[in-house]
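Notes for the one structure printed next.
Count residues from 1 along the sequence.
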Amino acid sequence: MFRKTLRDLSKNYEREINFEVIGGELQVDIALMDRLREPFIHILRNAIAHGIEPPEEREASGKAREGKIVLEAERSGDSLVLKITDDGRGMNGAAITEYLKQKRSMSDEDISRMSEEAFYSTILNLDFSSAGRTDEMAGRGVGMNVVVQAIEYLNGSMSIRSRASQGTQFVIKLPLSLSLVYAVTFRLDRFTLSIPTTHVEGIKGVATTAGEEMDAPDRLRKLLRIEGNRGRASHVIELKYPGSLEAPKETLQFAVDAIMGNRPLMVMPVGELLAKTQLFAGVGIMENGEISVLLDTEKMLPRLTQLDEK
């Protein structure tokens with residue numbers, strides 16, 4: 001997956017790299033690996049550009065000319081643990097210490113009480129690369145906050161271990177499988193809701209003019225018992241009816257206040273309280289961290305039909 005990228009990066013940065021993979025036979029959700037591609041490339045680029053020393057510098061310090069990067073994958077319970085290890089120069093602890101003092105107003109005593117993981121995870125802070133010491137910290141903090149956000153979006157975590165002149169290791173822990181779905185996300189009053197894209201037959205705009213009464217089906221608002229002022233609808237969503245069941249076409253439509261788009265959502269189970277309503281399939285986390293409740297279309301449709309029968 002990354003060998004060609006490593007070869008290209010090694011050539012661009014004039015490094016000699018031996019890349020080793022351990023646990024490559026492990027079966028992993030393809031959707032999970034697709035989402036990891038960019039974070040991994042960023043970590044590998046930093047390892048080659050700023051972690052692994054040039055061949056001459058390595059020889060002068062008693063190291064082999066060829067640097068080494070190891071990607072190790074292992075299963076731990078229901079989690080996938082990935083380790084990216086290089087034998088380069090390691091993190092610059094002095095630069096991290098200076099950042100903690102200047103930007104976080106921490107004393108030497110405060111810093112000494114930090115765990116190793118907490119100390120090196122400092123480079124994941126959004127403002128770390130703006131500390132003015134990018135060269136001294138070997139560039140390892142630049143953009144790393146974006147990497148950790150991508151991993152947290154996958155419901156994972158990342159920790160960092162490092163030793164001066166010995167190397168750095170990134171440890172990423174993720175769920176073995178990823179429930180990622182594309183969904184049409186929309187707003188209804190103050191709520192952000194979604195429906196799997198595969199369940200949507202079509203979306204049409206509601207043509208209105210100033211002062212004109214909005215004549216669009218308000219079924220979903222009634223079903224979810226959303227009170228308050230009813231705004232002017234912007235679109236009508238038409239759903240597919242599952243299986244061989246048939247229903248009048250008009251019962252498959254409902255109005256929404258705004259369409260936010262077709263978004264990838266990482267879906268997690270709903271809590272016990274929401275599950276009892278039998279309306280929600282999960283809680284979706286969008287790439288920007290916002291939350292959207294995913295509607296259970298199959299359970300919702302019969303109840304939309306019943307509203308029209310009353």
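In terms of heavy-atom proximity, Val206 sits nearest to Ala233 at CB-O, 3.9 Å. Between Leu223 and Arg303, the shortest heavy-atom distance links the atoms CD1-CB, 3.9 Å. Nearest approach of Gly90 to Thr168, heavy atoms of both residues: CA-OG1, 3.4 Å. For Tyr120 against Ile160, the heavy-atom pair with the smallest separation is O-CD1, 3.6 Å. Scanning all heavy atoms of the two residues, the minimum distance from Gly205 to His235 falls at CA-CD2, 3.8 Å. When all heavy atoms of Ala73 and Leu80 are compared, the closest pair comes out as CB-CD1, 4.5 Å.
Although no hydrogens or angles enter the test, the distance criterion places no donor-acceptor pair under 3.5 Å between the side chain of Arg263 and the main chain of Val184. No donor-acceptor distance shorter than 3.5 angstrom exists from the side chain of Ser79 to the backbone of Arg75, with no hydrogens or angles considered. Using modelled atom types, one side-chain atom of Ser162 and one backbone atom of Met91 make a donor-acceptor pair closer than 3.5 Å. Side chain of Arg58 to backbone of Glu56: no donor-acceptor contact under 3.5 angstrom is found. Counting only distance, with no hydrogens or angles, the side chain of Lys63 and the backbone of Asp87 share a donor-acceptor pair below 3.5 Å.
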Using the rule given for salt bridge (charged side-chain N to carboxylate O under 4.0 Å, His left out), can you reason through Asp86 versus Arg15, listing the C-alpha separation, both sets of side-chain angles and the distance that settles it, and then say yes or no? CA-CA 13 Å; Asp86 69 66; Arg15 301 292 194 268; over 6 Å; no

Before giving the answer on side chain to side chain contact (heavy atoms under 4.5 Å, CB included), spell out for Val283 and Ile291 the whole-Å C-alpha distance, their side-chain angles and the decisive distance to 0.1 Å. CA-CA 7 Å; Val283 175; Ile291 301 297; 3.5 Å; yes

Run the numbers on Leu188 and Ile226 for side chain to side chain contact (heavy atoms under 4.5 Å, CB included), then give the verdict. CA-CA 8 Å; Leu188 198 58; Ile226 296 176; 3.6 Å; yes

With side chain to side chain contact (heavy atoms under 4.5 Å, CB included) as the test, would you mind laying out the steps for Glu38 and Val146 before giving the verdict? CA-CA 10 Å; Glu38 289 303 320; Val146 177; over 6 Å; no

Stepwise, does the side chain to side chain contact (heavy atoms under 4.5 Å, CB included) test hold for Leu174 with Leu82? CA-CA 8 Å; Leu174 296 153; Leu82 301 169; 4.2 Å; yes

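Between Arg113 and Glu109 there is a salt bridge, with a side-chain nitrogen of the basic residue lying less than 4.0 Å from a carboxylate oxygen of the acidic one. Using a 4.0 Å cut-off between charged nitrogen and carboxylate oxygen, Glu116 and Arg163 count as a salt-bridge pair. A salt bridge is absent between Lys204 and Glu238; no separation between the charged side-chain nitrogens and carboxylate oxygens falls under 4.0 Å. Ion pair Asp257/Arg221 flagged as a salt bridge, since at least one NZ, NE, NH1 or NH2 atom sits closer than 4.0 Å to an Asp/Glu carboxylate oxygen. Salt-bridge check for Asp8 with Arg45: failed, with every basic side-chain N at 4.0 Å or more from each acidic carboxylate O. Checked for salt-bridge contact, Lys101 and Asp108 meet the test: a charged N lies under 4.0 Å from a carboxylate O. Using a cut-off of 4.0 Å between Lys/Arg side-chain N and Asp/Glu carboxylate O, Glu53 and Arg89 are scored as not salt-bridged.
Around the NZ atom of Lys83, the shell of radius 6.0 Å holds more than 12 heavy atoms that belong to other residues, nucleotides or ligands.
Side-chain N/O atoms of Asn262 and Thr197 include a donor and acceptor closer than 3.5 Å. Of the N and O atoms on the side chains of Asn125 and Thr122, not one donor lies less than 3.5 Å from an acceptor on the other residue. Between the side chains of Ser292 and Ser194, at least one donor-acceptor pair of N or O atoms lies under 3.5 Å.
Side chains of Tyr99 and Arg104 form a contact here, defined as non-hydrogen atoms less than 4.5 Å apart. Between Val293 and Phe191, the closest side-chain pair of non-hydrogen atoms is not below 4.5 Å. Under the 4.5 Å side-chain criterion, counting only non-hydrogen atoms from C-beta, Phe254 is in contact with Leu239. A 4.5 Å side-chain heavy-atom check between Ile69 and Thr85 finds every atom pair outside the cut-off. Looking at heavy atoms from C-beta onward, Gln278 lies out of side-chain contact with Met300 at the 4.5 angstrom threshold. Within the 4.5 Å cutoff, the side chain of Met286 has heavy atoms near those of the Thr192 side chain. Within the 4.5 Å cutoff, no side-chain heavy atoms of Phe170 are placed close to those of Val147. Annotation: side chain of Ile172 is not in contact with side chain of Val81 (no heavy-atom distance under 4.5 Å).
Tyr182 and Leu295 fall into different hydrophobic clusters, where Ile, Leu, Val, Met, Phe, Trp and Tyr side chains are chained together by heavy-atom contacts under 4.5 Å. In this structure, Tyr13 is a member of the same hydrophobic cluster as Leu44, with clusters built from ILVMFWY side-chain heavy atoms closer than 4.5 Å. Tracing side-chain contacts under 4.5 Å through hydrophobic residues (I, L, V, M, F, W, Y), one reaches Ile52 starting from Val21; they form part of the same cluster.
With rounding to the nearest 0.5 angstrom, the CE atom of Met260 is 10.0 Å from the CG atom of Leu193. Atom-to-atom distance recorded for Lys11:NZ and Ile48:CD1 is 14.0 Å, nearest 0.5 angstrom. Put simply, CD1 on Ile195 and OG1 on Thr198 are 10.5 Å apart, with the number rounded to the nearest 0.5 Å. Here the CG atom belonging to Asn18 is positioned 4.5 Å from the CD atom belonging to Glu66, to the nearest 0.5 angstrom. Met144 CE to Leu124 CG: the interatomic distance, rounded to the nearest 0.5 Å, is 6.0 Å. Note that CG of Asn92 and NE2 of His50 are 13.0 Å apart. Values are rounded to the nearest 0.5 Å.
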